[in-house]
Amino acid sequence: MSSRYNHRITEKKWQNAWSEKKVFSSKKNKKKEKYYVLEMFPYPSGRIHMGHVRNYTLGDVVARYKKMKGYNVLHPMGWDAFGLPAENAAITEKKHPEDWTYQNIKTMKKQLLQMGLSLDWEREIATCHPNYYKHEQKFFIDMFNSGLAYKKEAEVNWDPVDKTVLANEQVIDGKGWRSGAIIEKKKLSQWFLKISKYSEELLEDLDKLKDWPNKVKVMQSNWIGKSVGAEIDFKLSKSEKNIKIFTTRPDTIFGATFIALSTEHNISKEISKNSISAKNFIEECKDLNPDKTKKGFDTGLFVEHPLIKNKKIPVFISNFVLKEYGLGAIFGCPAHDQRDLDFANEYNLEVIPVLRPSNIDINDFSIKNVAYTEPGIVINSDFLNGLSTNEAKEKVIRIIQEKKIGLRKTNFKLRDWGISRQRFWGCPIPILYREDGKVIPVDEEDLPVKLPKVENFNETSSTLKNIENWGETKCKKTGMKAFRETDTFDTFFESSWYYFRYCNARSEMPFDEGDINYWLPVDQYIGGIEHAILHLLYSRFFTKALRDLGYFKLGEPFKGLFTQGMVTHQTFKNNKNDWIEPKDIQEKNGVLFDRNNNPVVMGKIEKMSKSKKNVVDPNDIIELYGADTARWFMLSDSPPERDLQWTENGITSSYRLINKLWEFVDKYRSYKTNDSDDNKTINELKKIINEVSSNIEAFQFNKSVAKVYEFVNLLNNAVSKNTISSSNFEWSLKKLSIILQPFVPHISEEIWSAISQKGLCIEQAWPVEEIENNNENVNIAIQINGKTRGVIEINKSFDKTKIFEMVEKDNKIMKYIKDKKIIKKIYVPGKIINFVI
RNA sequence: GGGAGUAUGGCGGAACUGGUAGACGCGCCGGAUUCAAAAUCCGGUCACUUCGGUGGUGUGGGUUCAAUUCCCUCUACUCCUACCA
């Protein structure tokens, strides 16, 4: 009986079947090899978007495939549940952030269930739950006690719109990463984690991460920013004081013609106390963009050149020297640094070339407006003359160390991680300020420090500081009055260890070391490239820090990483430059109009975003076409690491495949033939199955998809021409449902059950096919001078001379080689023949 | 300025360690089915061609019997980063 495929009924049916049999619930089993698949957990914003659909579909392919390969798979899901949007929503919707968050989690979980993901929901976590965040309060206390967490007065990035401090990493082009507001500088007392302590290890261990994209490792390595050089003292004339500078180019020291200090350098500050013009200059610098103008203030001070007797060098306060990097002071060598040259030209300072390119004579070499920054041969530099850049660096460092006027020194760009946020909806920092001025951690038995319940949440509720009675408490030991820290953690704190928590999500202890040793590291982590630095670097740091605090022995959390591309969609704009939603566009005689009859033009293809109105809601797609169709589309065509363009044609063609599959199975379910076949088709199908596997292993799901199409086409052909036996056909359908399982699991189960197979398809073993290779004939190409001129079918066992004989008699080939002298004959077994004439 | 990457039909993209370029999907063209349409099915689809062929993987060169693949040059685009001394 023929029936149309009904995804609404079928998908629900199999989702229930999986859940009733608990097929995705994972248990530690030391006899089985584990495989931990993880997608970056979502922020519960309200609804899932296409980016989630793509991310979780990719992960689900891996999880299902590995399960069928026999691994003990852990594939958990949870919620990155703290964060600003909840507060904003709480204010506008007059709901508590907690209620809003849990409501969203409920909706989104339902959507994820509809996608048919092979998730173990028994391990679900929400980071806003006290049973989750109490553990990180404990970590923080451990870090505080071991000196890894500390407080300091710091000029911080203040976001005036979100009214919070941001980490350096959250400031992009001087603007807040969320609000886009221009960031102000503000001095506040802040909590920091000493990530800089791990700079070297974080950098070195990147080499161990063989299964990470190189791109991400390069980005992290740049961010950590190791540079090797020297610290050198420049003695102030008429004073015993020194100015210490950091340089990576000690080889150019003989070209030093000025010293530049940052505006925050101690000497700058000191001078500005007595000099109004210096003070004004420093003020002025706050509005000066050093990109455009390099400005300096001549302090009138001089330093002695450390290696040239009686040479005095002027000292400037400048707007282009960073205060946080190195020592906030540099020597300027204008000949070999473009910035220094620009500055020197502005103030008419000396330019002394001390390096020449190795292929240019010293007399032909001069510096005008372009500094020579490449390595070269040292000139004009006393005892360094004639050395290469690298040799000179070594020699200078040796000599300044001997003279005790400097040191070899390594510097990192990586700053300590500022974690204080002046927000309500985050994890409270478990610290007390006692009335005697002591800063003490909250007693561990008093954890968690819970967020207060707030009725009528409003703007003023959005920092803990403003909540009455919450902060006041007592020190248990002394009975002294104490006030709670009212800042909360940066939400990257929660996401830095959630993948640990999944291993024992319900345990009273933060970690069960047995579970961690078994499940971790994450074998395959999948998420967006936007987390290449922030989340991934913090997580790596957290793992090392918790290791050093004695929780476990792991050093790197993510063995394999995959960064997927974005989901993009066509944008449209009308003649008023407004973005227009695709559904609001009508076509009249080939011209596009919006609802108000304004002409519309196609814009760029961009990442789906609400502001550009090119969003497609996965919910609508799943309703209309089903989860399998949506999943299939996410996997088709584009390689996972590249952007995927959403198109209407793409989704309907996926839908077509799903229906075609069912119609095919339905039509031929009772296929019977008395003919026997030659196994050729089966051999081809087996090859395809193995290719599907290797493509999955290589994370090239678009190629697996193409192979599945080939499988279906081939089988379809064989059946309609009766060239496959009944038993082989039955075999093929069984294999078909199995290879469909990781991609479109619902219809896979439906086919599996329709062909009367027992159990669930997901519980079957993934096939590895042996391909029979008995004296097969092969087609090989025949080339003349490298150009293909024909194809010949030969038996593999034939030897070279026999094959050449055959080829030379071939009609097609004869016309090319007759009357010509064959200079060389090449035969690559099973592949190609080439005649050089 | 520094770093990473990409470039193949009308489109998304295939081509394993150099070995029949364009798999698979979309679109388009033709046909079948239909009163008609949608849906579906079948066939065709790199370009030029005197139908023998010829050219073709961003540009120009090199290595090789053979190059989308390896090396050099240039061009275009994308992403990251940015006064890090």
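Values in this document were obtained by computation on a predicted structure and should not be read as measured data. Letters go in sequence order (proteins before strands), and every chain restarts at 1. Every heavy atom of this structure was used, including side-chain atoms; hydrogens, water molecules and symmetry mates were not.
Rounding to whole angstrom units, NZ of residue A:Lys294 and P of B:rA82 are separated by 16 Å. Rounded to whole angstrom, the span from the CE atom of A:Met219 across to the C1' atom of B:rG5 amounts to 12 Å. If you measure from atom CD1 of A:Ile533 to atom P of B:rG3, you get 17 Å, rounded to the nearest angstrom. Spacing between atom CZ of A:Phe633 and atom P of B:rG13 amounts to 12 Å, rounded to whole angstrom units. If you take CD1 of A:Ile529 and P of B:rG5, they are 12 Å apart, rounded to a whole angstrom. Computed from coordinates, the A:Phe258 CZ to B:rA85 P distance equals 15 Å when rounded to whole Å. Rounded to an integer number of Å, the gap from NZ of A:Lys607 to C1' of B:rC79 is 13 Å. Regarding A:Trp212, its CH2 atom lies at a distance of 19 Å from the P atom of B:rA4, rounded to whole Å.
The side chain of A:Ser227 contributes an N or O atom lying less than 4.0 Å from OP1 or OP2 of B:rA85. One finds a side-chain N or O of A:Lys824 lying less than 4.0 angstrom from the OP1 or OP2 phosphate oxygen of B:rC65.
Inter-residue side-chain proximity for A:Ile533 and A:Tyr538 is flagged as unmet; no heavy-atom pair is nearer than 4.5 Å. Side-chain contact between A:Phe343 and A:Phe316 is present, with heavy atoms from C-beta onward closer than 4.5 Å.
Taking a cutoff of 4.0 Å between a charged side-chain nitrogen and a carboxylate oxygen, A:Glu710 and A:Lys707 qualify as a salt bridge. A:Lys687 and A:Glu769 are not joined by a salt bridge, as no carboxylate oxygen comes within less than 4.0 angstrom of a charged side-chain nitrogen.
Taking atom C1' on both nucleotides, B:rU6 is separated from B:rU59 by 16 Å, rounded to a whole Å.
Under the Watson-Crick or G-U wobble criterion, with both distances below 3.5 Å, B:rU45 is paired with B:rG27.
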(Q) Working note: A:Lys686 + A:Asn690, criterion side-chain hydrogen bond (donor to acceptor under 3.5 Å, both in side chains); need CA distance, chi angles, decisive distance, verdict. (A) CA-CA 6 Å; A:Lys686 283 180 175 174; A:Asn690 287 346; over 6 Å; no
Can you pull every protein N or O that's under 3.5 Å from an N or O on nucleotides 50-54 of chain B?
from, atom 1, to, atom 2, distance (Å)
B:rG53, OP1, A:Lys815, NZ, 3.1
B:rU54, OP2, A:Arg789, NH1, 2.8

Sub-3.5 Å pairs of nitrogen or oxygen atoms, protein against nucleotides 6-11 of chain B:
none

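Ring-plane geometry between A:His535 and A:His531 is classed as perpendicular, the angle between the planes exceeding 60 degrees on a 0 to 90 degree scale with a lower cut at 30. Aromatic ring pairs are classed by plane angle as parallel below 30°, tilted from 30° to 60° and perpendicular above 60°; the pair A:Phe835 and A:Phe804 is tilted.
Position along RNA chain B of the nearest nucleotide to A:Phe331 versus A:Ser638 favours A:Ser638 as the more 5'-ward residue.
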For residues 319-335 of chain A, please give each side-chain donor-acceptor pair under 3.5 Å, one per line with the distance, not counting sequence neighbours.
from, atom 1, to, atom 2, distance (Å)
A:Asn319, OD1, A:Lys295, N, 2.9
A:Asn319, ND2, A:Thr293, O, 3.0
A:Tyr325, OH, A:Ser227, OG, 2.6

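With sequence neighbours left out, the side chain to side chain donor-acceptor pair (under 3.5 Å) criterion links A:Asp342 to A:Gln338.
At least one donor-acceptor pair under 3.5 Å links the side chain of A:Ser654 to the backbone N or O of A:Gly650.
The stretch residues 246-262 of chain A participates, sequence neighbours left out, in these salt bridge (charged side-chain N to carboxylate O under 4.0 Å, His left out) pairs: A:Arg249-A:Asp251.
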Q: Spell out protein contact along nucleotides 18-33 of chain B as letters: B when the base is contacted, S when just the sugar-phosphate is, - when no protein heavy atom is under 4.0 Å; keep the 5' to 3' order.
A: -BBS-BSSSS------
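Against the 90° criterion about 0, the sugar-base torsion of B:rG12 places it in the anti range.
Aromatic pair A:Trp662/A:Tyr655: centroids not less than 6.0 angstrom apart.
Among the protein residues, A:Val708 comes within range of no part of the nucleic acid, since none of its heavy atoms lies under 4.0 Å from any strand.
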